[in-house]
*Asks:* 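Here's a structure for you.
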Amino acid sequence: MAALMLLGGGSATALAADTPDGRSPVVIVNKGDNSKIAGRDLVNGNDNTIGSGHTVTRTSPSPSPSPSPSPTPTPTTPAQLVAWYQTGTTTGDSTPYVSPAPLAGHASVVEVAAVHLNNPAQFPILTLNSDIPSSPKYAPMWRDLDALKSKGVTVTALLGGAETDTRPGTFQLLDSDFNMYYPPIRDFLRTYDLDGIDLDIEETFTEATAERLIRQLRTDFGADFLITLAPVPGDLTDAPGSNLPNIDYRTLEANVGSSINWYNVQFYCGNGSLADTSDYDQIIQNGFPASKVAAGAITWQTSECPGYVPMPTLQNTLRSLATKYPGFRGAAGWEYAPSTDVNAPNCPTGPANWYCAVQQALPATTTSNP
């Protein structure tokens, strides 16, 4: 998924101004020149279109035995439908603002993307795409997300995503100094009263720190807080222990699976397909329960991220999964603003149409807190 990030030009020493809606900012100090960050487009504002899929560099020691994922009971809650939301989240940039309001009644979870950690000696320690979360350009977005929450939609944040340069990324920074880099995440989630977090780990990250992060989030935010991850299919079909000491999803599920709500699996950008059920089936055959595996699809046709599945085919796949696997977790769509209007009947026009069409293929999709 897309994860372009960071800052307009110029240097600044204080970034502690209150938000337009009266909230306290998360980021306090920015030292250094923000005029150029290699590999990240700062000229076009929020020009965040798509990502390049999983870019993790793995070390592969000899596989060590790992417990099978702990069995998860079939949930009593309906299927979930996740809308990732990155493009169109700002006002005043080259990309026009796209309100998430039409997703009400269709998506059960809306995830604002993407949150990044940075070296505070050079940049604000936490940014939402190219700016601090308290930037005035995000005021309409926060307002509209609050309105969705009032209608029962779960609003979360995506942390991480594809890193486009050689600087240490979000999860590498957490590995290097957890005590320094975790508090800004915690404070951001509290400041904006978010319902959960989606960990999109597309860089080297150790298993030990991944488990520590998940345990700390659960401790700090409690049982009702939504914790999801966004792997690619291959992450969930690897042999147990094959990626240690880096994150190993079979090991992660065995050790902290009780604190993970589910996985939003990215079946696109060359990482599997939802043209049929075969790639999803392999994950279930590797021991992950369908109640913890949401099928993630790309929502528009783009040469930069292949894998778009026409809606009738995608609907057939989702219906087949729901029939084959009782308790099927549901679906996710990357991403909202550029989504194709597929002319689904009895649905809003525009990008929400894609999600409404997917909702029609899911069993009793909920729009309440998961």
*Asks:* So Val109 and Thr228, do their side chains get closer than 4.5 Å, heavy atoms only?
*Replies:* no
*Asks:* So do the side chains of Leu189 and Asp220 get within less than 4.5 Å of each other, counting heavy atoms only?
*Replies:* no
*Asks:* Do Val256 and Arg218 make a side-chain contact, defined as non-hydrogen atoms from C-beta onward lying under 4.5 Å apart?
*Replies:* no
*Asks:* Between Phe221 and Phe225, how do the two ring planes meet: parallel, tilted or perpendicular, split at 30° and 60°?
*Replies:* parallel
*Asks:* Any chance you could measure Thr154, atom OG1, to Leu226, atom CG, to the nearest 0.5 Å?
*Replies:* 6.5 Å
*Asks:* For the pair Glu111 and Asn264, evaluate side-chain contact (heavy atoms from CB on, under 4.5 Å) and give the outcome as yes or no after the intermediate values.
*Replies:* CA-CA 11 Å; Glu111 290 192 5; Asn264 294 313; 3.5 Å; yes
*Asks:* When you compare the side chains of Asp93 and Thr95, does any donor N or O come within less than 3.5 Å of an acceptor on the partner?
*Replies:* no
*Asks:* Counting distance only, does the side-chain N/O of Trp142 pair as donor-acceptor with the main-chain N or O of Pro133 below 3.5 Å?
*Replies:* yes
*Asks:* Do Leu194 and Thr156 come within less than 4.5 Å of each other through their side chains, counting heavy atoms only?
*Replies:* no
*Asks:* Thr313 and Ala275: which non-hydrogen atoms are nearest, and at how many Å?
*Replies:* CG2-O, 3.4 Å
*Asks:* Measure from the side-chain N and O atoms of Glu203 to the backbone N and O of Gln172, and report whether any donor-acceptor pair falls under 3.5 Å.
*Replies:* yes
*Asks:* Of the non-hydrogen atoms in Pro183 and Phe178, which two are nearest, and what is the gap between them?
*Replies:* CD-O, 3.9 Å
*Asks:* Could you check whether Thr90 and Asp131, counting side-chain N and O atoms only, form a donor-acceptor pair closer than 3.5 Å?
*Replies:* no
*Asks:* May I ask you to decide if the ring planes of Phe171 and Phe205 are parallel, tilted or perpendicular, using 30° and 60° as cut-offs?
*Replies:* tilted
*Asks:* Kindly compute the distance separating CD (Gln216) from CG (Leu213), expressed to the nearest 0.5 Å.
*Replies:* 8.5 Å
*Asks:* Do the non-hydrogen side-chain atoms of Asp281 and Lys324 ever get within less than 4.5 Å of each other?
*Replies:* yes
*Asks:* Residues in side chain to side chain donor-acceptor pair (under 3.5 Å) with Thr206, at least two apart?
*Replies:* Asp175, Thr209
*Asks:* Is the closest side-chain heavy-atom distance between Met180 and Ile125 below 4.5 Å?
*Replies:* yes
*Asks:* Would you find more than 12 non-hydrogen atoms of other residues, nucleotides or ligands less than 6.0 Å from Asn346 atom CG?
*Replies:* no
*Asks:* Quick one: CG on Leu274 to CD1 on Ile298, what's the gap to the nearest 0.5 Å?
*Replies:* 11.5 Å
*Asks:* Does the side chain of Tyr249 come within less than 4.5 Å of Leu229's, by heavy atoms?
*Replies:* yes
*Asks:* Is the backbone of Gly333 close enough, under 3.5 Å, to the side chain of Tyr355 for a donor and an acceptor to pair up by distance?
*Replies:* yes
*Asks:* Could you please spell out the steps behind the side-chain contact (heavy atoms from CB on, under 4.5 Å) verdict for Thr89 and Leu128?
*Replies:* CA-CA 10 Å; Thr89 52; Leu128 176 58; 5.8 Å; no
*Asks:* Do Asp144 and Tyr85 have side-chain N/O donor and acceptor atoms under 3.5 Å apart?
*Replies:* no
*Asks:* Could you report the tightest heavy-atom contact between Ser242 and Asp248, atom names first, then the distance?
*Replies:* N-OD2, 3.1 Å
*Asks:* Could you tell me whether the side chain of Tyr181 and the main chain of Leu126 form a donor-acceptor pair under 3.5 Å?
*Replies:* no
*Asks:* Mind listing the closest non-hydrogen atom pair of Ala104 and Val153 along with its distance?
*Replies:* CA-CG2, 4.4 Å
*Asks:* Going by the angle between their ring planes, with limits at 30° and 60°, are Tyr280 and Tyr325 parallel, tilted or perpendicular?
*Replies:* tilted
*Asks:* For the residue pair Val358 and Met311, establish whether any side-chain heavy-atom pair is separated by less than 4.5 Å.
*Replies:* yes
*Asks:* Using the side-chain contact (heavy atoms from CB on, under 4.5 Å) criterion, which residues pair with Ser320? Sequence neighbours excluded.
*Replies:* Thr277
*Asks:* Test your reading of the model: is there a side-chain donor-acceptor pair from Asn286 to the backbone of Asp238, 3.5 Å cut-off?
*Replies:* yes
*Asks:* To the nearest 0.5 angstrom, please state how far the CD atom of Gln360 sits from the CZ atom of Arg319.
*Replies:* 8.0 Å
*Asks:* Between Lys292 and Gly257, is there a donor-acceptor pair closer than 3.5 Å when you use the side chain of the first and the backbone of the second?
*Replies:* yes
*Asks:* Might you work through the side-chain contact (heavy atoms from CB on, under 4.5 Å) test for Leu158 and Gln86, ending with a clear yes or no?
*Replies:* CA-CA 9 Å; Leu158 181 144; Gln86 182 175 52; over 6 Å; no
*Asks:* Check Gly160 against Ala114 and note the closest heavy-atom contact, atom names and distance.
*Replies:* O-CB, 3.6 Å
*Asks:* Given side-chain contact (heavy atoms from CB on, under 4.5 Å), test Ile197 with Ile185 step by step and report yes or no.
*Replies:* CA-CA 10 Å; Ile197 192 168; Ile185 300 171; 3.9 Å; yes
*Asks:* Would you say Trp84 and Asp198 are linked by a side-chain donor-acceptor pair, where the criterion is simply a distance under 3.5 Å?
*Replies:* yes
*Asks:* Between Gln359 (side chain) and Gly105 (backbone), is there a donor-acceptor pair under 3.5 Å?
*Replies:* yes
*Asks:* So, Asn118 side chain and Pro124 main chain: donor-acceptor pair closer than 3.5 Å or not?
*Replies:* yes
*Asks:* Return the OG1 to OH distance between Thr91 and Tyr138, rounded to the nearest 0.5 Å.
*Replies:* 10.0 Å
*Asks:* Checking Gln266 side chain against Ala230 main chain: does a donor-acceptor pair fall under 3.5 Å?
*Replies:* yes
*Asks:* Which heavy atom of Ser291 sits nearest a heavy atom of Trp262, and at what distance?
*Replies:* O-CB, 4.4 Å
*Asks:* Find the distance between CG (Asn353) and OG1 (Thr340) and round it off to the nearest 0.5 Å.
*Replies:* 9.5 Å
*Asks:* Tell me if a side-chain donor or acceptor on Glu335 pairs with a main-chain N or O of Thr87 at a distance below 3.5 Å.
*Replies:* yes
